[in-house]
Amino acid sequence: MASETPSVVSIPKLADHVGKEVTLQGWLYNKRSSGKLHFLEVRDGGGLVQCVMAKAEVGDETFAGAEALQQEASLRVRGKVVAHPKREGVFELQATGFELIAAPTDPYPITKKEHGPDFLMDHRHLWLRSKRQHAIMRVRHTIVSAIREFFDTRDFTLIDAPIFTPSACEGTSTLFETDYHGQPAYLTQSGQLYMEAAAAAFGKVYCFGPTFRAEKSKTRRHLAEFWMVEPEVAFTDLEGVMDLAEDFICHIAQRVLERRRPELTELERDVAALEKIQKPFPRVTYTEAVAIVAEERAKLETATDAPPLEWGGDFGAEDETLLAKRFDRPVMVHRWPEEVKAFYMKRDPNDPRLALGVDVIAPEGFGEIIGGGQREENLAVLDAAIAKHALPMEAFEWYRDIRKFGGFPHGGFGLGLERMVAWMCGLSHVRETIPFPRMLNRLSP
Ligand code: 4AD
Ligand code: MG
């Protein structure tokens, strides 16, 4: 006669069942044995737990069956929940039996030995099961919910932007072209232009979705497909945009620290560095930043190959790292040479060589995480910029309408989710920050 099956419990809920018999459903993560005991580490997606199986308790047949279990076998384990004898808040299962759901058909390819990043990326669909990837994805989840919470509690309306677009938004990056029923269409680089239209309709808006960049850059910070959150605000200026960016970043860091301590520990993240993310962030002009980069560069003991930054040039990754050395929190670089910024940036009324843009550079060498600024609201100035950037005027008729019918000062920014995840988790490469990365040489799995 089948014995009664104890109720199925998830690993994070084990604390509520101490002293009781439960069933876990999951996969075998690891197994050690010592004579008459098996230590089965089982994961169920929510967590990991050690199940101690004594031969004396389960009998020879079950014990031998457990001996044969391979990594990633799916199974149900029954047992009594006990508090870990030494580690507070940790629970174990004293196994009384198990049921194999499916044995792996092949040896699990990801083993304890060191694997190279390409091998792991080829097995991304399996690699996601590992402790470290689990921790990263949970931090990502928390960042996404903190982003939504931030805007949703500040009267922003979510307005989704389209993915197929008829024209470019960011002149500085390249487009993925698709065949849209016989006419070219491009995968969006940014929802910003649509958010500007939406800001005139709703005041404060944001979009949050995938964006695409086709440039052939193979760096630690570039993905071909990444998620961007883009707020846009009516009746604000560059200062207002910087205030918003500062509050936003502090809010996200705060939530990660509150909710993801165990994951940060798993990732060996220096939490003290994250605790320093507090207002106010230093604000330096582009011109000041160029000087700081030159000073920091002069201090380097070993010369770098990167060409020195000249006034008028865009920052490279190396320049961002040099600038960030000066500060223990994000630094906001504002008022850029208009030449290096997109057509929609408002010119600085005090210096027409400059655009009212801002980049937020993360500390510890994590680089640019936010780009944004104040938008040009004057139609004549905008038209001149569209012409100067050799953009097709017809494609921007609707965008010009935003200025024709009640022009208004406005601005916003875009934050790259994956760069934020890399920074919070302390990862040197963005490839691990998104479940299935799309990069120059990677389209699968
Ligand atoms: O600086 P970007 O290009 O700005 C815009 O697209 C503006 N239209 C946003 C706006 O004002 N609404 O991109 C914004 C951010 C960058 O700071 C970076 O964090 C991220 O998007 N980003 C990338 N992340 C991963 N891979 C890439 N290839 C990225 N390109 C930009
Ligand atoms: Mg940028």
Check ion pair Arg400-Glu394 (N to O, under 4.0 angstrom): no

Verdict with supporting geometry, Ile370 and Asp359, side chain to side chain contact (heavy atoms under 4.5 Å, CB included): CA-CA 6 Å; Ile370 278 184; Asp359 277 12; over 6 Å; no

Glu99 side chain reached by Leu75 side chain, heavy atoms, under 4.5 Å: no

Phe343 and Tyr399 aromatic ring geometry - parallel, tilted or perpendicular at 30°/60° bounds: perpendicular

For Leu356 against Pro349, the heavy-atom pair lying closest together: CD1-CD, 4.2 Å

Residue Phe176 excluded, over 12 heavy atoms near CZ under 6.0 Å: yes

Heavy-atom donor-acceptor pair, Thr236 side chain to Val233 backbone, under 3.5 Å: no

Short N-O contact, Arg347 and Glu338, less than 4.0 angstrom: yes

Can you list, pair by pair, the side-chain donor-acceptor contacts under 3.5 Å of residues 274-282, counting residues two or more places apart and other chains?
| unit_1 | atom_1 | unit_2 | atom_2 | d |
| --- | --- | --- | --- | --- |
| Glu275 | OE2 | Arg261 | NH2 | 3.1 |
| Gln278 | NE2 | Glu275 | O | 3.3 |
| Lys279 | NZ | Asp247 | OD1 | 2.8 |

Residue pairs involving residues 416-425 (criterion side chain to side chain donor-acceptor pair (under 3.5 Å); sequence neighbours excluded): Arg140-Glu418

Just list the side-chain donor-acceptor pairs under 3.5 Å for residues 429-438, sequence neighbours left out, or say none.
| unit_1 | atom_1 | unit_2 | atom_2 | d |
| --- | --- | --- | --- | --- |
| His429 | ND1 | Arg431 | N | 3.0 |
| Glu432 | OE1 | Arg132 | NE | 3.2 |
| Glu432 | OE1 | Arg132 | NH2 | 3.3 |
| Glu432 | OE1 | Gln133 | NE2 | 2.7 |
| Thr433 | OG1 | Val430 | O | 2.6 |
| Arg438 | NH1 | Leu443 | O | 3.3 |
| Arg438 | NH1 | Pro445 | O | 3.1 |
| Arg438 | NH2 | Pro445 | O | 3.3 |

Parallel, tilted or perpendicular: rings of Trp398 and Tyr194 (30°, 60°): parallel

salt_bridge(Arg32, Glu41) N-O dist < 4.0 Å: no

Pairs meeting criterion salt bridge (Lys or Arg N to Asp or Glu O under 4.0 Å) with involvement of residues 178-204, two or more places apart: Glu196-Arg403

Aromatic ring pairing Phe413/Phe248, orientation class (parallel under 30°, perpendicular over 60°, tilted between): tilted

Lys13/Asp16 salt bridge by N-O under 4.0 Å criterion: no

Side-chain heavy-atom pair Val340, Phe315 within 4.5 angstrom cut-off: no

Enclosure of Lys218 NZ (heavy-atom neighbours >12, cutoff 6.0 Å): no

Test item: Tyr180 side-chain N/O and Pro166 main-chain N/O as donor-acceptor pair under 3.5 Å: no

Residue pairs involving residues 42-51 (criterion salt bridge (Lys or Arg N to Asp or Glu O under 4.0 Å); sequence neighbours excluded): Arg43-Glu72

Side-chain heavy-atom pair His334, Gln374 within 4.5 angstrom cut-off: no

Asp152: partners by side chain to side chain donor-acceptor pair (under 3.5 Å), with sequence neighbours left out: Tyr206

Salt bridge (charged side-chain N to carboxylate O under 4.0 Å, His left out) assessment of Arg375 paired with Asp237: CA-CA 8 Å; Arg375 321 306 187 188; Asp237 57 10; over 6 Å; no

Heavy-atom pair of closest approach, residues Leu427 and Phe366: O-CE2, 3.2 Å

Derivation of the side chain to side chain contact (heavy atoms under 4.5 Å, CB included) call for Asp314 and Asp319: CA-CA 9 Å; Asp314 202 355; Asp319 304 314; over 6 Å; no

Quiz item: cation-pi between Arg353 and Trp311, 6.0 Å / 45°: yes

Between Glu230 and Gln192, a side-chain donor and acceptor under 3.5 Å: no

Atom CD of Glu114: over 12 foreign heavy atoms under 6.0 Å: no

Over all atoms of both residues, closest heavy-atom pair of Phe119 and Pro109: CZ-O, 3.7 Å

Pair Arg221 + Glu368: basic N to acidic O under 4.0 Å: no

Residues Lys325, Glu295: salt bridge by 4.0 Å N-O rule: no

Carboxylate-amine/guanidinium proximity below 4.0 Å for Glu246 and Arg283: yes

Heavy-atom closest contact (Leu354 atom, Arg335 atom, distance): CD2-O, 3.9 Å

Under 3.5 Å side-chain donor-acceptor pair for Arg259 and Thr142: no

Evaluation steps, salt bridge (charged side-chain N to carboxylate O under 4.0 Å, His left out), between Asp122 and Arg442: CA-CA 9 Å; Asp122 288 341; Arg442 180 161 301 278; 3.0 Å; yes

Nearest atoms (heavy-atom pairs only) where Cys51 meets Val42: SG-CG2, 3.9 Å

SB check Glu149 Arg255 (cutoff 4.0 Å): yes

Heavy-atom neighbours of Glu397 CD exceed 12 at 6.0 Å: yes

Backbone of Phe408 reached by a side-chain donor or acceptor of His410 within 3.5 Å: yes

Heavy-atom side-chain proximity of Val421 to Ile143 below 4.5 angstrom: yes

Residues Glu263, Arg138; criterion salt bridge (charged side-chain N to carboxylate O under 4.0 Å, His left out); working and verdict: CA-CA 8 Å; Glu263 285 79 5; Arg138 302 257 269 199; 3.5 Å; yes

Side-chain donor-acceptor pair present, Thr211, Trp227, cut-off under 3.5 Å: no

Distance-minimising heavy-atom pair for Ala234 and Ala199: CB-O, 3.9 Å

Ile361/Phe327 under side chain to side chain contact (heavy atoms under 4.5 Å, CB included): CA gap, chis, key distance, verdict: CA-CA 10 Å; Ile361 315 289; Phe327 309 99; over 6 Å; no

Non-hydrogen side-chain atoms of Tyr186 and Thr178 separated by less than 4.5 Å: no

Donor-acceptor contact present, side-chain Tyr29 to main-chain Val49, <3.5 Å: no

Candidate pair Arg148 and Leu158, rule side chain to side chain contact (heavy atoms under 4.5 Å, CB included), full reasoning: CA-CA 9 Å; Arg148 296 205 180 281; Leu158 173 74; 3.8 Å; yes

